[in-house]
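Below, chain A is the first sequence line, B the second, and so on; all start at residue 1.
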There are 2 protein chains.
Amino acid sequence: MDTLSGVPPRSADPHLHQRIINTAARLLATEGAVSARRLARELGTSTMVVYTHFGGMDELSRQVMRRGFGDFGAELDRGAVTDDAVADWMTYLWSYRRFALREPHLYAVMFGPGLAAFRLGDPADLEAARSTFVSLLRRIHACVNAGRWEVDDVTTAGEAVWSGVHGHTTLEHTGFFGAVGRDPVRSFSEILTRMSIGLGDDAPATARSLSTARRRAVRADRTDAASAR
Amino acid sequence: MDTLSGVPPRSADPHLHQRIINTAARLLATEGAVSARRLARELGTSTMVVYTHFGGMDELSRQVMRRGFGDFGAELDRGAVTDDAVADWMTYLWSYRRFALREPHLYAVMFGPGLAAFRLGDPADLEAARSTFVSLLRRIHACVNAGRWEVDDVTTAGEAVWSGVHGHTTLEHTGFFGAVGRDPVRSFSEILTRMSIGLGDDAPATARSLSTARRRAVRADRTDAASAR
DNA sequence: CGCCATTACATGACAATGTTATGCATAACA
DNA sequence: TGTTATGCATAACATTGTCATGTAATGGCG
């Protein structure tokens, strides 16, 4: 109705822009969906803020996606660089899986077919996604430099690796492994193992690296679980 | 309004059930989305037919998905069995990619996170998806029997392979390869190659099988394009 | 053959979605 | 202080899936 001046008129919040993105990301993570009205209710505003600040839900989703890629990349790059390059590469991919499992909806926004990063070719979106890919390529390069792998085209190898882990995580998100009573960890290990051997490593060395990376991953899982409490 | 008897009352169509599924599949393929109203308009009925026949859009989508898995499996099993088991396996996966590219929306319904096959555990849905997986396992078994691969756990190997090709197709669907100017065929070939070597084949034999399978795939692509005309 | 019950379907309404036109109150500025 | 601009709330519109209601056709039974 008419605006009663009894209600203190909300002064312009200088951080509203970021608050919207943060709240949208939180709602996405906790409730699996973000609607303009749900978001407005959470923010204590009207749905119009989405349109004055982002022009619509699409652009907001892309901003959430960009932030997601930022967090994703930061978390992936946290992995140490040791003298076992293949183990480092595997650790990187275990972190990849950990993030995807912890943030399934964010991952879906980032890689899903909805308003995927690449279709609406905003260079900033493309760059956000590409930087994490480049980070993977560095790990692969290290394996080549260490003499473990023989790869002429690192980018193509990176695409193959990425396809494998991305496919695995999306399958795991659908609940496939649980539904058929299979172990996703075993399947993921298989991908890492066969890929490493296929890229030139010998089987025993890959097995040793897998053990190392698996140990690190279990420890990181525990840290993750502890910080969630 | 009141029902004018001037309009000939539509007698119960005994094939309506199938017509709904077929039309939904067609709309999904041609328009990328199926809404109850769009479907009703196409069928010349009201939206209620969806509810009397399926109870809602969800169940209808699952029926479309089931039909999709049927077509998918039939098309995949069309590949010949020759004395080059690895080439046969690769041909199978090229067919996989071909189907996914030709029917992106159907593929998304089949494997997407929406009302994924596995989450709502209807055994019929599970079986529909599983049968195509079993078909993949047969191809892998043939490679092992031929002495090309050394695999103790065929199912786990199948999951790894599936992750790779599934991940690749979903990435291709997002438009990633086009956006960054990369060649999806090369990436897909890399997956097949590294996986085959990783599963025990030697590199030259894998390369020969890849050539064979690629030739077959190109021919099948042509046939596909011709029949589309 | 004629009546009744069941069933299939159309109509229209409801809630929730993204979006937008309108208006007002505050903020920024001269 | 007066003017402009902007940010946001209100309320509406179109579209979605869904459902309550009514009606007409179908099929069984006397």
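Rounded to whole Å, the distance from NE2 on H53(A) to P on dA9(D) is 9 Å. dT15(D) atom P lies 17 Å from atom CG of L39(B), rounded to whole Å. Distance CG (L16(B)) to C1' (dT7(C)): 14 Å, rounded to an integer number of Å. Between H15(B) atom NE2 and dA8(C) atom P there is a gap of 16 Å when expressed in whole angstrom units. One atom, CZ of R41(A), and another, P of dA15(C), lie 16 Å apart when rounded to the nearest Å. Put simply, CG on D58(A) is 13 Å from C1' on dT17(C), counting in whole angstrom units. dC9(C) atom C1' lies 16 Å from atom NE2 of H17(B), rounded to whole Å. In this structure, I20(A) places its CD1 atom 11 Å from P of dG7(D), rounding to the nearest Å.
Of the listed nucleotides (dC8(D), dT19(C), dT11(C)), dT11(C) has the atom at the smallest distance from the side chain of M48(B). Distance from the side chain of S35(A) is smallest to dG18(C) among dG18(C), dG12(C), dT20(C). Each of dA9(D), dT16(D), dC8(D) was ranked by its minimum atom distance to the side chain of T45(A); first place goes to dA9(D).
The aromatic rings of F69(A) and F111(A) stand perpendicular to each other, their planes meeting at an angle above 60°, with 30° marking the opposite boundary. Ring geometry for W162(B) against F133(B) counts as tilted: the plane angle lies between 30° and 60°, on a 0 to 90° scale.
Heavy atoms from other residues, nucleotides or ligands lying under 6.0 Å from NE2 of H53(B) number more than 12.
For the pair Y51(B) and dC19(D), the criterion of a side-chain N or O lying under 4.0 Å from OP1 or OP2 is not met. Note on S46(B): every side-chain N or O is 4.0 Å or more away from OP1 and OP2 of dC9(C).
H166(A) pairs with exactly one of F188(A), Y107(A), Y96(A) by the ring-ring contact (aromatic ring centres under 6.0 Å, His included) rule, that one being Y107(A).
Along DNA chain D, the nucleotide nearest to R37(A) and the one nearest to T52(A) differ in position, and the one closer to the 5' end is contacted by T52(A).
Between the S135(B) side chain and the S131(B) main chain, no donor and acceptor come within less than 3.5 Å of each other.
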